[in-house]
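The structure appears right after this line, and notes come after that.
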Amino acid sequence: MKLYDTLQKKKVAFQPIRKQEVGIYLCGPTVYDYGHLGHGRSAIVFDLLRRYFIYRGYRVTFVRNWTDIDDKTIERARQEGITVEELTGKFIHIYREDYAKLNILEPDYAPKPTDHMAEIIMIIERLFENGHAYTLEDGVYFDIASFKGYGALSGQSLDELRSGARIEVDESKRNPGDFALWKFQKPGEPAWDSPWGRGRPGWHIECSAMSSRYLGEEFDIHCGGQDLIFPHHEDEIAQSRGAGYGFARYWLHNGFLNINDEKMSKSLGNFFTLRDVFKRYTPHAVRFFLLSAHYRAPLSFSEENLQHAENTLKRYNDFILRLTEITGKGPTGEVGEEMQDLIENAKQGFEGGLDDDLNISKALASIADLIRAVNCSIDGGSVTPSEAASVIGFLENINEVLGVFSFEREMLPEEIEELIEERTRVRAERNFARADEIRDTLLERGIVLEDTRDGTRWKRSS
RNA sequence: GGCGGCAUAGCCAAGGGGUAAGGCGACGGUCUGCAAAACCGUUAUCCGUCGGUUCGAAUCCGACUGCCGCCUCCA
């Protein structure tokens with residue numbers, strides 16, 4: 001399996017630290033507000049990564065944090081007149097609901113920095129011991145000049161960072177790029193005891209502390225959005241390696257979700273929350289949309305593209321419905337060699353695509369080829385129930401990775417079943433006026449009827 | 001100013017030295033009582049522009065143009 005490593009700036013063959021095991025850390029959101037599509041994208045593409053490792057037989061440990069203590073959670077809680085804990089508890093709950101709708105697997109660990117002060121303090125102590133930390137009036141800082149290799153991830157040298165700094169420089173810091181490890185308490189702020197005084201952790205330190213806590217001092221993959229490369233991940237590397245950890249072996253970053261060619265973000269105010277989008281599109285379609293572009297490429301949000309996802313998914317699910325109708329006839333017939341080859345080709349195409357740095361387009365193209373070929377055989381009446389079952393089995397397997405197909409069928413209310421039966425009767429009598437009337441009535445109620453050789457099929461219209 | 005990314009049909013998108021996968025949409029056809037679904041066919045002489053290397057480039061090199069991101073909180 002090849003993955004693009006941001007640090008090496010190229011695709012490399014993935015080698016796990018321990019055979020058939022992989023530890024993954026994903027930087028999660030700061031929980032002070034509703035999640036938007038961009039957060040959804042990051043969560044989904046790395047859910048795809050995790051699920052594909054599982055599909056490939058790896059034992060995966062997946063960690064995604066909730067950032068619950070920083071300027072924004074403190075400020076928002078103050079505005080709303082509630083505690084930081086109340087605020088973050090509410091939004092963690094909302095995020096979890098949204099992510100569940102998107103069929104994102106729960107992380108094995110979902111740590112919060114407020115639960116890990118001991119680990120955070122311990123790593124800062126180690127940074128002092130190793131000469132990377134120093135204390136100023138308002139907090140403890142990391143001395144980036146003391147860490148050789150600073151800038152390797154983002155491709156920037158210390159000098160460039162110095163000259164390019166757009167922020168007002170705190171003259172007391174040894175280097176403008178030095179960042180806070182521990183911020184001393186200001187009036188009204190939540191605070192924890194530490195050897196340097198009461199306060200709270202800086203942003204970057206939580207990920208260094210919690211990743212090592214759950215995945216070990218050296219682990220396989222660290223992921224996040226491209227906006228985290230600098231300074232967040234650069235600083236994490238400096239801290240963790242400065243503390244003597246091996247830290248992450250591979251760095252993966254997802255591209256942005258754009259809207260009108262601009263990054264969707266809180267600060268630009270051009271975002272759609274997941275909740276809003278769910279009002280207009282099915283969660284499966286939203287997942288499929290966010291999944292359907294390569295994870296490192298920019299993806300444009302638009303009504304047209306969401307609708308596109310909805311349409312494509314409908315084609316998949318119609319296909320599954322057709323297969324289900326055939327398997328309903330019982331487990332009979334052979335699985336012919338031709339069908340075995342079709343499935344095998346699709347499987348190889350699917351795996352070949354995802355093996356190549358999660359090339360989802362390649363993977364989906366092979367599924368499209370399978371659907372066309374099998375639909376063609378169904379039209380010809382040559383697909384046995386056993387064959388249909390094996391195609392469904394294949395789709396179920398890959399759906400463990402994609403998580404977008406629907407296999408379940410709901411039961412219709414009896415009155416609707418009766419209308420469908422009545423329509424079958426009157427059609428046999430060639431009373432098409434009544435038949436069309438029934439079809440229109442049901443359509444108004446969201447039921448689409450399709451007449452096939454073997455009877456009438458119903459579907460939900462949306 | 002520094003660092004990085006992107007530019008392929010109406011739209012989404014793969015490919016990345018040997019002559020353009022796949023999907024959505026559209027149009028024509030088969031099927032159907034009519035539809036729908038499905039299938040078949042059509043839909044890029046060409047891959048931002050200009051040069052160069054090569055027998056051969058969308059693919060490599062150079063320049064240019066446009067767009068985006070990071071350098072400040074951000075998935």
Side-chain angles (χ1 to χ4, degrees), chain A residues 6 9 26-30 32 35-46 64 67 70-72 75 151 154-157 159-168 176-177 203 223-232 234 253-258 260-268 271 289 292-294 296-300 302 304-305 307-312 314-316 318-319 321-322 349 353 356 359-369 371-380 427 430-433 435-436 439-440 443 448-453 456-457 459 461:
Chain A
T6 306
K9 296 180 184 16
L26 167 63
C27 283
T30 303
Y32 72 106
H36 61 64
L37 273 177
H39 298 113
R41 183 177 192 200
S42 182
I44 281 175
V45 299
F46 296 118
R64 186 187 61 221
T67 295
D70 80 330
D71 291 349
K72 279 182 300 214
E75 174 61 17
S154 56
Q156 312 222 45
S157 73
D159 289 343
E160 285 161 352
L161 288 168
R162 196 170 283 138
S163 62
R166 287 193 284 150
I167 44 169
E168 299 231 354
W203 174 33
C223 340
Q226 282 173 351
D227 46 2
L228 298 184
I229 294 172
F230 191 91
H232 186 52
E234 195 73 73
H253 292 95
N254 67 278
F256 298 127
L257 181 78
N258 289 342
N260 298 326
D261 291 328
E262 277 185 323
K263 174 184 170 187
M264 182 180 284
S265 74
K266 286 271 163 64
S267 43
L268 289 172
F271 59 91
F289 163 68
S292 58
H294 184 81
R296 282 189 287 116
L299 172 63
S300 288
S302 68
E304 189 184 6
N305 291 347
Q307 193 56 51
H308 178 172
E310 200 89 65
N311 293 349
T312 305
K314 181 170 170 296
R315 178 174 159 82
Y316 292 146
D318 280 357
F319 178 60
L321 179 57
R322 262 193 122 183
D356 182 15
N359 190 326
I360 190 82
S361 298
K362 261 196 231 171
L364 292 177
S366 72
I367 305 308
D369 289 339
I371 291 177
R372 189 167 7 82
V374 174
N375 264 328
C376 189
S377 297
I378 295 175
D379 282 354
R427 281 184 74 225
R430 304 189 69 76
N431 179 359
F432 297 120
D436 290 349
R439 187 166 61 190
D440 291 344
L443 186 59
V448 178
L449 297 188
E450 294 174 1
D451 300 320
T452 75
R453 194 163 38 197
T456 298
R457 157 198 306 152
K459 304 190 297 207
S461 63

Considering Watson-Crick and G-U wobble pairs with both distances under 3.5 Å, what does [N] pair with?
| N | answer |
| --- | --- |
| B:rG17 | none |
| B:rG41 | B:rC27 |
| B:rC60 | B:rG52 |
| B:rC46 | none |
| B:rG69 | B:rC3 |

Nearest-Å distance, [atom1] ([X]) to [atom2] ([N])?
| X | N | atom1 | atom2 | result |
| --- | --- | --- | --- | --- |
| A:L321 | B:rA38 | CG | P | 11 Å |
| A:L449 | B:rU32 | CG | P | 19 Å |
| A:H294 | B:rG16 | NE2 | P | 13 Å |
| A:Y316 | B:rA37 | OH | C1' | 17 Å |
| A:I371 | B:rC39 | CD1 | P | 9 Å |
| A:E304 | B:rA26 | CD | C1' | 12 Å |
| A:N254 | B:rG5 | CG | C1' | 14 Å |
| A:H253 | B:rA75 | NE2 | P | 13 Å |

- Of the candidates B:rC39, B:rC71, B:rG22, the side chain of A:Q156 sits closest to B:rC71
- Counting side-chain heavy atoms from CB outward, which of B:rA36, B:rC24, B:rC34 is closest to A:E450? B:rA36
- Task: Determine the Euclidean distance between corresponding P atoms of B:rU54 and B:rG15; express it in Å to zero decimal places.
- Result: 29 Å
- Rounded distance in Å between the P positions of B:rC12 and B:rA7: 12 Å
Return no unless some side-chain N or O of [X] is found under 4.0 Å from OP1 or OP2 of [N].
| X | N | answer |
| --- | --- | --- |
| A:H39 | B:rA75 | yes |
| A:R372 | B:rG23 | yes |
| A:N375 | B:rC39 | yes |

- Message: By the 4.0 Å heavy-atom rule, please label A:H232 as base, sugar-phosphate, or nothing.
- Response: nothing
- Message: Classify A:L228 by what it touches in the nucleic acid, base, sugar-phosphate, or nothing, heavy-atom distance under 4.0 Å.
- Response: sugar-phosphate
Do [X] and [N] share a donor-acceptor pair, side chain to base, under 3.5 Å?
| X | N | value |
| --- | --- | --- |
| A:N305 | B:rC11 | no |
| A:R315 | B:rG23 | no |
| A:R296 | B:rC6 | no |

Pick out the pairs of N or O atoms, protein on one side and nucleotides 65-68 of chain B on the other, that lie under 3.5 Å.
none

- Message: With side chain to side chain donor-acceptor pair (under 3.5 Å) as the criterion, how do A:D451 and A:T456 come out once you've worked through the C-alpha distance, each side chain's angles and the decisive distance to 0.1 Å?
- Response: CA-CA 4 Å; A:D451 300 320; A:T456 298; 2.9 Å; yes
